[in-house]
Amino acid sequence: MNLDDLPGLDRHPAYVYDLPGLKTHVQSIRAALGGTELFYAAKANPDAEILRTLAPHVDGIEVSSGGELTHVRETLPEARIAFGGPGKTGEELALAAGIDRVHVESPRELDRLQGPANVLLRPNLPFRVPGAALTMSGPFGMDEDALDACAARIAENPHITLRGVHAHLASGLDAPTMLDLAHQVAEWAIPWLKTHGVDDPELNIGGGMAVDYTSPATRFDWPVYGAGLADIPARLRIEPGRAVTAYHGWYVTDVLDVKTTRGETYVILRGGTHHLRTPVTKGHDQPFHVLTAKGPESPATLVGQLCTPKDVFARGVSVPPLRPGDLIAFAMAGAYAWNISHHDFLMHPKPAFHYLR
Ligand SMILES: *Cc1c(COP(=O)(O)O)cnc(C)c1O
């Protein structure tokens, strides 16, 4: 995508989504996966245009709430849907009647599920996950006793069918580590499912593929991952979010002020982390391009308009001489960006949304 030539940038701050780039990217993931099914985790970015761009190239959409479920059904009426997440209410589970898969996280949740339903149980397994950005231990899933209790209840309920296991265990992992984890899950899950009468076991091994914000050109090694999964004797599915959509969104805004205070230079940008919260939640410098200025670079901290010292996009980064009106495009803003941000804080205007087609 040629950033110097973005359409519609007279209106900013703006999110710009590169839909052709996203399509090419998801096609390459799909091609690398062989027989493994690809569901997209809508919570990474549920934007309707993004969902419609992805839909022809994924096997379905994973949703994590009744709200996402309703939104995905309205946006993509034909899509297969898997419903996960802790703390599902009875109302949410009622919405899920007839969807492709329900991921059950506790025996009580199973009791709330009326069916008909095809269920994957979420184990909470004591695996080692070296190098993870987050591990999904704690409240997620069930230990062996609770899993056995669920399997016993399903065996007595003609409206609910046990299909397999859902194991989203960690995030931020590279392909060899994810493969190691997938094999550990399979070694436990396939025999366990057999003892509960599931002869054609299904394993959803989650999302969490690494995205390196310090290196926007680096990609998760999908070919290595896809090839390594082929050894696992089960029906496999993955449900990545961030590694699918992060790269094809930009947050573009302009400089309002530049000032040097006690030796530190601050560039104050229109908008802020109430539009793009990613650098705050991840504790990183959001990668960016200065679109309109050139020249010798010097250090500055890029901040937004919020009345909090936490409103920082990037700290002590090198920038050319900047003046009010110069444009900056923050990269890797296609996932966990707009939709995780605290939009109403300070009541500034919302960003515009532009879609490259
Ligand atoms: C968040 C989540 C995902 C997607 O994770 P990414 O890091 O965006 O790939 C997949 N499955 C479950 C259960 C999740 O909670």
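Every number for a ligand or one of its atoms is a count from 1 in the order of the listing.
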Considering distance alone, does some N or O of Lys43 sit under 3.5 Å from an N or O of ligand 1? yes

Between His166 and the options Glu62, Glu105, Glu239, Glu202, the side chain to side chain donor-acceptor pair (under 3.5 Å) test singles out Glu239

Any nitrogen or oxygen of Tyr336 lying under 3.5 Å from a nitrogen or oxygen in ligand 1? Just yes or no. yes

Option set Ala246, Gly208, Pro240, criterion heavy-atom distance to atom 6 (P) of ligand 1, minimum: Gly208

Taking Leu306's backbone N and O only, do any of them form a donor-acceptor pair with Asp311's side chain (distance below 3.5 Å, no angle check)? yes

Side chain to side chain contact (heavy atoms under 4.5 Å, CB included) between Thr161 and Val119, intermediate numbers included: CA-CA 6 Å; Thr161 308; Val119 159; over 6 Å; no

Which of the atoms in ligand 1, numbered in the order shown and given with their element, are less than 4.0 Å from a heavy-atom of Gly207? 9 (O), 10 (C)

Any N or O of His166 that comes nearer than 3.5 Å to an N or O of ligand 1? no

Verify whether the ring centers belonging to Phe288 and Phe313 lie closer than 6.0 Å. no

Would you please indicate if the ring centroids of His274 and Phe345 are separated by under 6.0 Å? no

With a 6.0 Å cut-off on ring centres, are Trp338 and Tyr251 close enough? no

Enumerated ligand 1 atoms positioned under 4.0 Å from heavy atoms of Gly241: 4 (C), 6 (P), 8 (O), 9 (O)

I'd like to check the salt bridge (charged side-chain N to carboxylate O under 4.0 Å, His left out) partners of Arg153; sequence neighbours left out, ordered by chain and number. Asp111

Per-atom contacts, ligand 1 versus Arg242 - under 4.0 Å to a heavy atom: 6 (P), 8 (O), 9 (O)

Backbone, side chain, both or neither: what part of His168 comes under 4.0 angstrom of ligand 1, heavy atoms only? side chain

Which atoms from ligand 1 have a heavy atom of Glu239 less than 4.0 Å away? 3 (C), 4 (C), 10 (C), 11 (N), 12 (C), 13 (C)

